Amino acid sequence: MSGNPLLDFSGLPRYGSIRPEHVAPAIDAILEQNRELVATLTREETPASWEEFAEPLEHANERLGRAWGAAAHLHAVDDNPGIRDAYKTNLPKVTRYYTELAQNLALYDKFKALRGSPEFDRLSSARRRIIENNLRDYRLGGAELPPGKKPRFAEIQEELAAIEAKFSENLLDATNAFSEYVGDAADLSGLPEDVVRAAREGARKDGRQGWRLTLHAPSYVPVMQYAENRSLRERMYRAHVTRASELGKPELDNTPIIVRELRLRREKARLLGYGSFAELSLVPKMAESPAAALAFLEDLAARALPHARKDYADLEQFARAELGLSELRAWDIAFASEKLRAKLYAFSDQEVKQYFPEAKVLEGMFRVVESLYGLRITPDTAETWHPDVKFFRIADSRDNLVGRFFLDPYSRETKRGGAWMDEAIARQRVAGALHTPVAHLVCNFPAPVDGKPSFLTHDEVMTLFHEFGHGLHHLLSRVDDPGVSGIRGVEWDAVELPSQFMENFCWERDVLSGMTAHADSGAPLPRALFEKMLAAKNFQSGMQTVRQIEFALADMHLHHDYDPEGAKTPQQLLDEIRGKVAVLIPPEYNRFLNNFSHVFSGSYAAGYYSYKWAEVLSADAYSLFEENGLLDARTGARFRDEILAVGGSRPAIESFKAFRGREPTIDALLRHNGMIA
């Protein structure tokens with residue numbers, strides 16, 4: 001067993017060495033060790049102290065988290081049949097263990113005894129917070145359930161874990177199942193040159209002539225934005241919005257999974273004494289109740305709708321007058337919007353993209369972080385899961401290691417869509433030795449083709465900054481106890497604060513001039529083009545805001561006051577919400593929920609509202625930099641000390657107030673979105 005890389009915790013995860021056949025032996029070994037430890041910790045003679053009870057349990061679960069986290073990570077970024085099978089086979093074992101743990105009354109009683117002991121008041125605030133969180137999580141995990149109800153709760157947890165993973169797999173498989181082969185170059189009119197090159201390369205790899213378009217973002221998004229061929233846009237749109245639905249391959253249909261998840265989540269909540277899954281979901285969040293989250297969304301919708309309606313009316317009028325489109329359809333929106341932006345502001349996304357080579361963007365992003373927090377970020381070496389993956393180290397001014405991270409930038413067929421940050425190693429101190437944190441940053445940007453570097457759109461630059469913001473929250477932690485280190489223990493509706501905060505720097509002239517170089521001339525982004533981008537910053541911000549609100553309302557209502565046993569389908573509920581807040585009603589066949597992976601295979605169930613909730617916090621936090629100087633090191637040090645370094649060791653609202661000196665207000669968000677002067 002010593003040769004199993006998943007059981008080697010001496011350093012970085014050995015991604016280049018991990019094979020599917022390593023997963024089961026490693027997980028079985030750790031689960032056996034952990035169960036033996038739990039038996040020892042729950043004996044009467046084991047003192048209910050931090051050092052003899054809570055800390056050993058935390059370290060044991062950390063080992064399991066590291067090993068299983070590496071397997072889950074590979075399932076997300078290199079989803080080949082071997083790793084998928086290993087993941088699915090071992091997921092029930094891991095879920096069962098965590099359910100057993102959460103329902104273990106003896107462990108729960110030990111934590112209660114520790115909470116009530118004189119030692120509790122002498123512990124650090126981080127450790128007190130870990131104990132309080134554990135008590136809450138035992139209650140939410142079913143520890144207080146009567147013995148007769150615990151088996152059913154465990155069954156629900158296991159089935160939910162399995163079908164949430166299946167939802168994600170179906171979506172990836174449905175995305176990969178579609179290809180549009182184009183034989184006539186005229187049908188690609190309007191598409192950027194790099195997209196056409198990548199499409200030709202895709203067809204060549206398939207042994208075909210012509211060009212291959214796919215539903216992966218680097219191919220799909222430019223088609224919708226630039227392709228002059230309307231019927232091509234319609235075919236691509238239809239394929240995209242019907243992925244993993246009853247309108248495609250039956251075996252990849254997520255519709256029954258959605259219904260089943262909603263039923264199981266509601267049953268789980270009711271077993272624990274909550275009226276809805278949303279009530280249960282909000283217990284560890286900032287929002288006090290589903291009603292409070294809904295009121296926040298409805299208030300924001302009321303402010304945004306007038307702007308959204310004007311955005312849409314302007315777009316319709318332009319499409320009719322300038323593009324000859326008597327009726328604006330869903331597959332025309334991105335195309336017409338790009339044309340309108342080019343007319344209003346005299347630039348296109350494609351023109352801007354020529355200034356953002358990936359290497360230069362990274363260099364500029366690192367410079368921002370180095371200026372704000374007094375750090376140095378340099379390339380490093382590690383075993384990776386793919387040749388495209390890069391690895392970096394972060395050190396302080398004295399060259400002490402702060403943390404390290406993997407960056408997996410490009411889209412692949414074996415990689416799930418979207419962008420995310422995940423942890424590989426959490427900061428913790430074991431036997432006096434400090435384990436520095438390690439993160440994964442994952443994006444789906446276009447890969448370099450024909451020896452030319454990858455160029456990013458401004459939106460993709462913002463995505464990179466966003467995920468690095470999450471990464472910094474994990475990597476710059478100064479908390480030595482992993483239970484509340486980094487993003488752990490941070491209320492879910494505050495976890496987007498550091499990521500959305502970072503996006504603001506993508507709109508600053510001084511930052512952009514240092515991270516841009518034109519594809520041909522190498523010149524930085526010209527001031528005139530930057531001014532146009534700034535003028536267009538809030539172009540259609542009303543439409544974009546109500547779209548996010550639509551998704552957040554659907555998520556909250558589905559998990560709060562929707563009856564999954566009733567006659568109404570989730571799709572019908574979404575249609576009702578669209579009738580109230582959407583300015584664009586998509587075609588009847590649109591199956592958005594079937595690929596809403598944030599909610600049905602991620603951690604955002606009854607929590608999607610948190611993107612907007614945290615945007616209030618991030619905009620307000622950034623406004624202090626606007627007052628004191630964008631890269632002001634003193635304000636940066638304060639942000640690091642009060643927000644990033646403390647992680648989940650205290651309530652997020654306390655961290656915010658410690659940084660900002662007051663309660664948050666919505667004004668900065670409305671100003672940033674152009675909704676107030």
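Everything numeric in this text was worked out from a predicted model, so none of it was measured.
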> Does the pair Lys580/Glu576 count as a salt bridge with the N-to-O cut at 4.0 Å?
Replying inline: no
> At what distance, to the nearest 0.5 angstrom, does OG of Ser245 lie from CG of Asp253?
Replying inline: 6.0 Å
>> Before we go on, tell me: are the rings of Tyr611 and Tyr604 under 6.0 Å apart, centre to centre?
In response: yes
> Under 3.5 Å, is there a donor-acceptor pair between the Ser231 and Asn229 side chains?
Replying inline: yes
> Under the side-chain hydrogen bond (donor to acceptor under 3.5 Å, both in side chains) test, which residues partner Tyr589, sequence neighbours left out?
Replying inline: none
> Does Lys249 pair with Glu246 as a salt bridge, N-O distance under 4.0 Å?
Replying inline: no
> Above 12 or not: heavy atoms from other molecules or residues under 6.0 Å from CD of Gln317?
Replying inline: no
> Is it the case that Tyr608 and Gln548 place a side-chain donor and acceptor less than 3.5 Å from each other?
Replying inline: yes
> Between Val495 and His473, which heavy-atom pair has the shortest distance, and what is it?
Replying inline: O-ND1, 4.4 Å
> If you measure only the distance, is there a donor-acceptor pair under 3.5 Å linking the side chains of Asp555 and His559?
Replying inline: yes
> Is it true that the NZ or CZ of Arg341 lies under 6.0 Å from the centre of Phe539's six-membered ring and within 45 degrees of the ring axis?
Replying inline: no
> Relative to the ring of Phe392, is the ring of Phe366 parallel (under 30°), tilted (30 to 60°) or perpendicular (over 60°)?
Replying inline: perpendicular
> Should we count CD of Glu251 as having more than 12 external heavy atoms under 6.0 Å?
Replying inline: yes
>> Any carboxylate oxygen within less than 4.0 angstrom of a Lys/Arg side-chain nitrogen, looking at Glu363 and Lys360?
In response: yes
> With under 30° as parallel and over 60° as perpendicular, where do the rings of Tyr622 and Phe625 fit, or are they tilted in between?
Replying inline: parallel
Which side-chain N or O atoms in residues 319-330 pair as donor and acceptor under 3.5 Å with protein atoms at least two apart or in another chain?
unit_1: Glu322; atom_1: OE2; unit_2: Lys343; atom_2: NZ; d: 3.3

> Looking just at side-chain N and O atoms, do Thr255 and Asn594 make a donor-acceptor pair shorter than 3.5 Å?
Replying inline: yes
> Could Glu228 and Lys339 be called an ion pair, given the rule that one side-chain N must be under 4.0 Å from one carboxylate O?
Replying inline: yes
> Side-chain contact, heavy-atom cut-off 4.5 Å: Tyr562 with His557?
Replying inline: no
>> Tell me whether Glu413 is salt-bridged to Arg212, with the criterion being a basic N under 4.0 Å from an acidic carboxylate O.
In response: yes
> Any donor-acceptor pair under 3.5 Å linking the side chain of Asp206 with the backbone of Ala203?
Replying inline: no
>> Does either side chain, that of His386 or that of Tyr410, offer a donor lying less than 3.5 Å from an acceptor on the other one?
In response: no
>> Testing the basics here: between Val368 and Val511, what is the closest heavy-atom pair and its distance to 0.1 Å?
In response: CG2-CG1, 3.6 Å
>> Between Glu358 and Lys390, does any side-chain N to carboxylate O distance fall below 4.0 Å?
In response: yes
> Using the ring of each side chain (for Trp, its six-membered ring), is Tyr609 parallel, tilted or perpendicular to Trp613, with breaks at 30° and 60°?
Replying inline: perpendicular
>> Using a 6.0 Å cut-off, check whether atom CZ of Arg367 has over 12 heavy atoms from anything other than its own residue.
In response: yes
>> So that I can tick it off, tell me whether Arg200 and Asp450 are bridged by a salt bridge, with the cut-off set at under 4.0 angstrom between side-chain N and carboxylate O.
In response: no
> Do His216 and Asn176 have side-chain N/O donor and acceptor atoms under 3.5 Å apart?
Replying inline: yes
>> Test your reading of the model: is there a side-chain donor-acceptor pair from His466 to the backbone of Met462, 3.5 Å cut-off?
In response: no
>> Taking Arg197 first and then Glu193, would you say they form a salt bridge - that is, a charged N and a carboxylate O separated by under 4.0 Å?
In response: yes
> Which class fits the ring pair Tyr15 and His73: parallel under 30°, tilted 30 to 60°, perpendicular over 60°?
Replying inline: tilted
> Are any of the side-chain nitrogens in Asp349 or Lys353 under 4.0 Å away from the carboxylate oxygens of its partner?
Replying inline: no
> Mind checking whether Phe592 and Phe551 have parallel, tilted or perpendicular rings, split at 30° and 60°?
Replying inline: parallel
